[in-house]
Enquirer: 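Got a structure here, written out as structure tokens. Questions coming.
Proteins come first, then strands; the chains are lettered A, B, ... in the order of their sequence lines, and each starts at number 1. Small disclaimer: the values here were computed from a predicted structure and weren't measured.
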Amino acid sequence: MSTRTINDVLMAGARAAKDKKGRPPLKHTAIENAKKEVASKEQEPSVETEEFNLDDKISELLKKAIDFKPERAAFWKSGERVPFILLARALDLIANESGRIAITEILCNVFRTVIATTPDDLIHVVYLAANKIAPAHEGVELGIGDASIIKALALSYGMKDETVKKQFNKLGDLGLVAKSNRSTQRLMVKVTPLTVVKVLEKFRIIAKQSGKRSQDAKQGTIQELLVCATDCEPQYLVRLLQTKMRIGLAEQTVLVALGHAMVYSEVPPVPSSQIQSRLEEASKIVKQVYSVAPIYDKIVSALLSAGVRKLSDTCCFTLGVPVGPMLAKPTKGVSEILDKFQDTEFTCEYKYDGERAQIHYLDNGSVEIYSRNAERNTGKFPDVVDSVSRFKKPSVTSFVLDCEVVAYDRQKQKILPFQVLSGRARKGVTLSEIKVSVCIFSFDILYLNGRQLLQEQLKVRRELLYDSFQEVEGEFQFATAITSDDLEEIQKFLDNAINQSCEGLIIKTLDRDATYEPAKRSNNWLKLKKDYMDSVGDSLDLVPIAAFHGRGKRTGVYGAFLLACYDEHNEEYQSICKIGTGFSEAMLEERSASLRDKVISAPKSYYRYGDTLNPDVWFEPAEVWEVKAADLSISPVHRAASGVIDPNKGISLRFPRLLRVREDKNPDQATCSEQVGEMYLAQKINHSGNQDEDED
DNA sequence: ACTGCCTGCCC
DNA sequence: ATTCTGC
DNA sequence: GCAGAATGGGCAGGCAGT
């Protein structure tokens, strides 16, 4: 690193054009040339070739796909590495668009340009656009968060950490912090322009850096990138590092744009009469393929060599590679379910409170376990791996099971709370040192003995599941299920589920629209939890006593608040949770405005809270908000009802969200500590064996 | 060796 | 996880 | 209804500082 700096040779003209609209922008040579030159804003580089103006090139990306000509947008020679500035500028264009169609077209034009010039770089552009550095199951992580980026920015721009933090609070985005500080740097030394390959390479280096002084090393690598970054590059480098693009572009749109780009890149061109249907077909194919084969390297190389229509042949489900798990949509009650599944046969299953596990059993006898987010969890569950031989029938030679892994007390034959499961070690676990036993509750099968089952109806899949595996008490069980369309029966089943420490129900069609739809929240699966239902579940009246500055689209208002219950005995407010969801934008504005008048310079002496919380502002106790939660938990940081349940620890809320403001209540009428304690004890989950049946 | 902060990942 | 919002 | 972007509690594990 050290002496390299901003590439003014390349970008001065671009800035001139952007900053001062009246004046014609300067012209420039191609990048190869520019990087050999010593910078001088007025100078016309001496050697060779095509001149271009970056703004003109980039503005090509805004053209409708039909009118877009990749060669007009390209400003590097075919075969040369794609400059990162292409992507950064495209992201900047996308940031100014709100419609998904427009965003998709811009990205599609980027992909087409790369395909037409340097197809070898398409994979890198796709990775960066998707804001990934490797397939999820490979477990490659940057290990960089806001704190590290703040330090790196401070180092790069010669500022104090505190100054960066201040700007972060004001601007609500570290990318914008980078942007605003970059422009003050005008160092006149040559620099190598960033390429997409280089950026992705550095990101992967950051991921690999570990061990002693690795934080410094990572920050050094970030600095190397920032030093080479010009124009809007620092902003988007930082956003990529944060894994928060905040421009309305994410994976689904990348997949669509990629599919579209392949259609437009076909030779000979697709006749315009067919374009529309081919675009829809292509995006559908790419999305579908990605959901069963989430490896961009394979997809992109298959696309480039055989085209989008052959993608499904070349690139399909593989044992050992995680499939996107099917998800469910929230519903507010049994009647909504009957409504949605009117004339369709459906089944209800317990929704277990554990973690999703997709278990792959390969023909060679090896096992892989993947999380809901496609992380490889095999090393965390050696006990599950070990039990495969006990729960699979001998005829089974390969499978993929969809399950929930739940902490389980084998003595009492009872499900244990989620918090117990999360206490398990995660890396390099060996059978002998396991402290928390688990039971697998299986509810679906996606693959069996060489046969893919995704396209089969649930009725068929479930038969195969029941036939091919055997329950082993406390180790492997089938999810409890009933098939009924009777409202009361389902209601009762839901109550049973709750009584047996489950979260609620999952409801699924059996015959129609009952294929396995990877990674989609389809209407086929619904979830029903008590706390989704109006006037059911735990709701509390709590007092906002502090807040945190909002980020991104919440810049300028508070993004989250610290809530407290009231302890009448000690006349103090005890923190119980933070809250940041459930607010409409208008409501958040209102509450932020209202509470800004209640800001105090230090927390009240009668506030009890974890000292690691560190809110940005404290408030006078002034308002009462009704908040809903799924559960109450023993908290390591919050202080609510401290001493009531646990001598030292307080209670907190799981999944807190705002319901409404209680204009009718004063802060001292908030839910009190005793009530919080009672609510905690009332949870079925705490009845650890000695209480069989309560009420009705 | 202990502790606290940070990050990623479960929900 | 939950929730809201623009398209 | 999709896709994206705000935000929650809480845990283990890695690293830095003492």
Enquirer: Taking the six-membered ring for Trp, is the centroid-to-centroid distance between A/Phe583 and A/Phe561 below 6.0 Å?
Expert: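 Judged by ring-centre distance (under 6.0 Å), A/Phe583 and A/Phe561 do meet the cut-off.
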Enquirer: OP1, OP2 of D/dG14 versus side-chain N and O of A/Ser210: anything below 4.0 Å?
Expert: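 Checking D/dG14 against A/Ser210, no side-chain N or O comes under 4.0 Å of OP1 or OP2.
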Enquirer: So which of residues 577-589 of chain A are in contact with DNA chain C, with a heavy-atom cut-off of under 4.0 Å?
Expert: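 Going residue by residue through residues 577-589 of chain A, the ones with a heavy atom under 4.0 Å of DNA chain C turn out to be A/Thr581, A/Gly582, A/Phe583, A/Ser584, A/Glu585.
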Enquirer: Select base, sugar-phosphate, or nothing to describe what A/Tyr532 touches, counting heavy atoms under 4.0 Å on all strands.
Expert: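 Sugar-phosphate only.
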Enquirer: Between atom CG in A/Leu249 and atom P in C/dG6, what is the gap in whole Å?
Expert: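 Atom-to-atom, A/Leu249 to C/dG6, this comes out as 19 Å.
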Enquirer: Mind checking whether A/Tyr516 and A/Trp525 have parallel, tilted or perpendicular rings, split at 30° and 60°?
Expert: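 Ring orientation of A/Tyr516 relative to A/Trp525: perpendicular.
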Enquirer: Under 4.0 Å: is that the gap between some side-chain N or O of A/Tyr558 and OP1 or OP2 of D/dT7?
Expert: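 Checking D/dT7 against A/Tyr558, no side-chain N or O comes under 4.0 Å of OP1 or OP2.
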Enquirer: For A/Arg657 and C/dT2, give me the distance from atom CZ to atom C1', rounded to whole Å.
Expert: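 These atoms are roughly 6 Å apart.
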Enquirer: Would A/Tyr558 and A/Phe619 count as a close aromatic pair, with their ring centres under 6.0 Å?
Expert: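 Yes, ring centres under 6.0 Å apart.
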Enquirer: If a protein heavy atom is under 4.0 Å from the base, mark B; if only from the sugar-phosphate, S; if neither, -; do that for nucleotides 1-9 of chain B going 5' to 3'.
Expert: ----SSSBS
Enquirer: For A/Leu659 and C/dC4, what is the distance between atoms CG and C1' respectively, to the nearest whole Å?
Expert: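 Between C1' of C/dC4 and CG of A/Leu659: 14 Å.
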Enquirer: I want to verify a distance call: between D/dA12, D/dC15, D/dT7, whose nearest atom is closest to the A/Ser214 side chain?
Expert: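 Closest nucleotide to the A/Ser214 side chain: D/dC15.
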Enquirer: Taking the six-membered ring of A/Phe548 (Phe, Tyr or Trp), confirm whether the NZ or CZ of A/Lys578 is under 6.0 Å from its centre and within 45° of its axis.
Expert: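 Judged by the rule, A/Lys578 and A/Phe548 form a cation-pi pair.
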Enquirer: Need one value for A/Lys218: base, sugar-phosphate or nothing, where a base atom within 4.0 Å counts as base even if backbone is also close, heavy atoms only.
Expert: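 Nothing, no heavy atom under 4.0 Å.
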Enquirer: Looking at A/Ile101, I want to see if its CD1 is surrounded by more than 12 non-hydrogen atoms of other residues, nucleotides or ligands under 6.0 Å.
Expert: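 At most 12 heavy atoms, drawn from other residues, nucleotides or ligands, come within 6.0 Å of this atom.
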Enquirer: Rounded to whole angstrom units, what separation is found between the OH atom of A/Tyr352 and the C1' atom of B/dC10?
Expert: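 Result: 20 Å.
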Enquirer: Assess the residue pair A/Val406 and A/Leu416 against the criterion (side chain to side chain contact (heavy atoms under 4.5 Å, CB included)); give the C-alpha distance rounded to whole Å, side-chain angles, the decisive distance to 0.1 Å, and a yes or no.
Expert: CA-CA 7 Å; A/Val406 180; A/Leu416 295 169; over 6 Å; no
Enquirer: Between P on D/dG1 and CG on A/Asn524, what's the gap in Å once rounded to a whole number?
Expert: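 Answer to the nearest Å: 12 Å.
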Enquirer: Classify the nucleic acid contact of A/Leu562 as base, sugar-phosphate or nothing, counting any heavy atom under 4.0 Å across all strands shown.
Expert: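 Nothing, no nucleic acid heavy atom in range.
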Enquirer: Can you identify which nucleotide, out of D/dG17, D/dG10, B/dC11, has its nearest atom closest to the A/Arg213 side chain?
Expert: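 From the listed options, D/dG17 comes nearest.
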Enquirer: Rounded off to whole Å, could you give me the CZ-to-P distance for the A/Arg239 and D/dG4 pair?
Expert: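 After rounding, the reported distance stands at 16 Å.
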Enquirer: Yes or no on side chain to side chain contact (heavy atoms under 4.5 Å, CB included) for A/Asp146 and A/Arg551, after CA distance, side-chain angles and deciding distance?
Expert: CA-CA 12 Å; A/Asp146 285 351; A/Arg551 310 274 157 86; 3.9 Å; yes
Enquirer: Look at all strands and tell whether A/Lys529 reaches a base, only sugar-phosphate, or nothing, counting heavy atoms closer than 4.0 Å.
Expert: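 Sugar-phosphate contact only - A/Lys529 comes under 4.0 Å of backbone atoms but never of a base.
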Enquirer: What integer distance in Å separates A/Leu421:CG from D/dC11:P?
Expert: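 It works out to 12 Å between those atoms.
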Enquirer: Taking 4.0 Å as the cut-off, does a side-chain nitrogen or oxygen of A/Lys244 come that near to OP1 or OP2 on D/dG4?
Expert: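 No, no such contact exists.
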Enquirer: A/Thr378 and A/Glu368: side-chain donor and acceptor closer than 3.5 Å?
Expert: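 A pair is found: one side chain offers a donor N or O, the other an acceptor, under 3.5 Å apart.
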Enquirer: OP1 or OP2 of D/dA6 less than 4.0 angstrom from a side-chain nitrogen or oxygen of A/Arg246, does that happen here?
Expert: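 Result: yes.
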Enquirer: Check every strand shown and say whether A/Arg100 touches a base, only sugar-phosphate, or nothing at a heavy-atom separation below 4.0 Å.
Expert: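 Here A/Arg100 touches the bases of the nucleic acid.
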Enquirer: Hey, does A/Lys212 reach any base, or is it just sugar-phosphate, or nothing, if we go heavy atoms under 4.0 Å?
Expert: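 If one applies the 4.0 Å heavy-atom cut-off, A/Lys212 turns out to touch the sugar-phosphate alone, with no base involved.
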Enquirer: Which heavy atom of A/Glu251 sits nearest to which heavy atom of A/Ala130, and what is that distance?
Expert: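 Smallest heavy-atom distance, with atoms named: OE2-CB, 4.0 Å.
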Enquirer: In terms of side-chain heavy atoms, does A/Ser642 have a donor or acceptor partner in A/Gln574 at a distance below 3.5 Å?
Expert: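 No, A/Gln574 and A/Ser642 have no side-chain donor paired with an acceptor closer than 3.5 Å.
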Enquirer: Which of these nucleotides, D/dG10, C/dG6, D/dG9, is closest to any side-chain atom of A/Phe418?
Expert: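 Of the options given, the side chain of A/Phe418 lies nearest D/dG9.
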Enquirer: Starting from the 5' end of DNA chain C, give me the residue, A/Ile101 or A/Phe655, whose nearest nucleotide shows up first.
Expert: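 Between the two, 5'-proximity favours A/Phe655.
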Enquirer: Whole angstroms only, please: what is the CG-P distance between A/Leu528 and C/dT2?
Expert: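 Those two atoms, CG and P, are 12 Å apart.
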Enquirer: Between A/Lys340 and A/Glu336, does at least one N-O distance fall below 4.0 Å, as a salt bridge requires?
Expert: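 Looking at A/Glu336 together with A/Lys340, the answer is yes, because their closest N to O distance falls below 4.0 Å.
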Enquirer: Could you tell me whether the phosphate oxygens of D/dC11, OP1 or OP2, come under 4.0 Å of any side-chain nitrogen or oxygen in A/Gln419?
Expert: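 A/Gln419 to D/dC11 OP1/OP2: side-chain N or O found under 4.0 Å.
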Enquirer: Within the pair A/Lys527 and C/dT2, is there a side-chain N or O less than 4.0 Å away from OP1 or OP2?
Expert: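 Affirmative; the distance criterion is met.
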Enquirer: Looking only at side-chain N and O atoms, does A/Thr253 come under 4.0 Å of OP1 or OP2 in D/dG4?
Expert: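 Yes, within the criterion.
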Enquirer: Counting the atoms with a prime plus P, OP1 and OP2 as sugar-phosphate, which does A/Ile576 contact under 4.0 Å by heavy atoms, base, sugar-phosphate, or nothing?
Expert: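 No contact.
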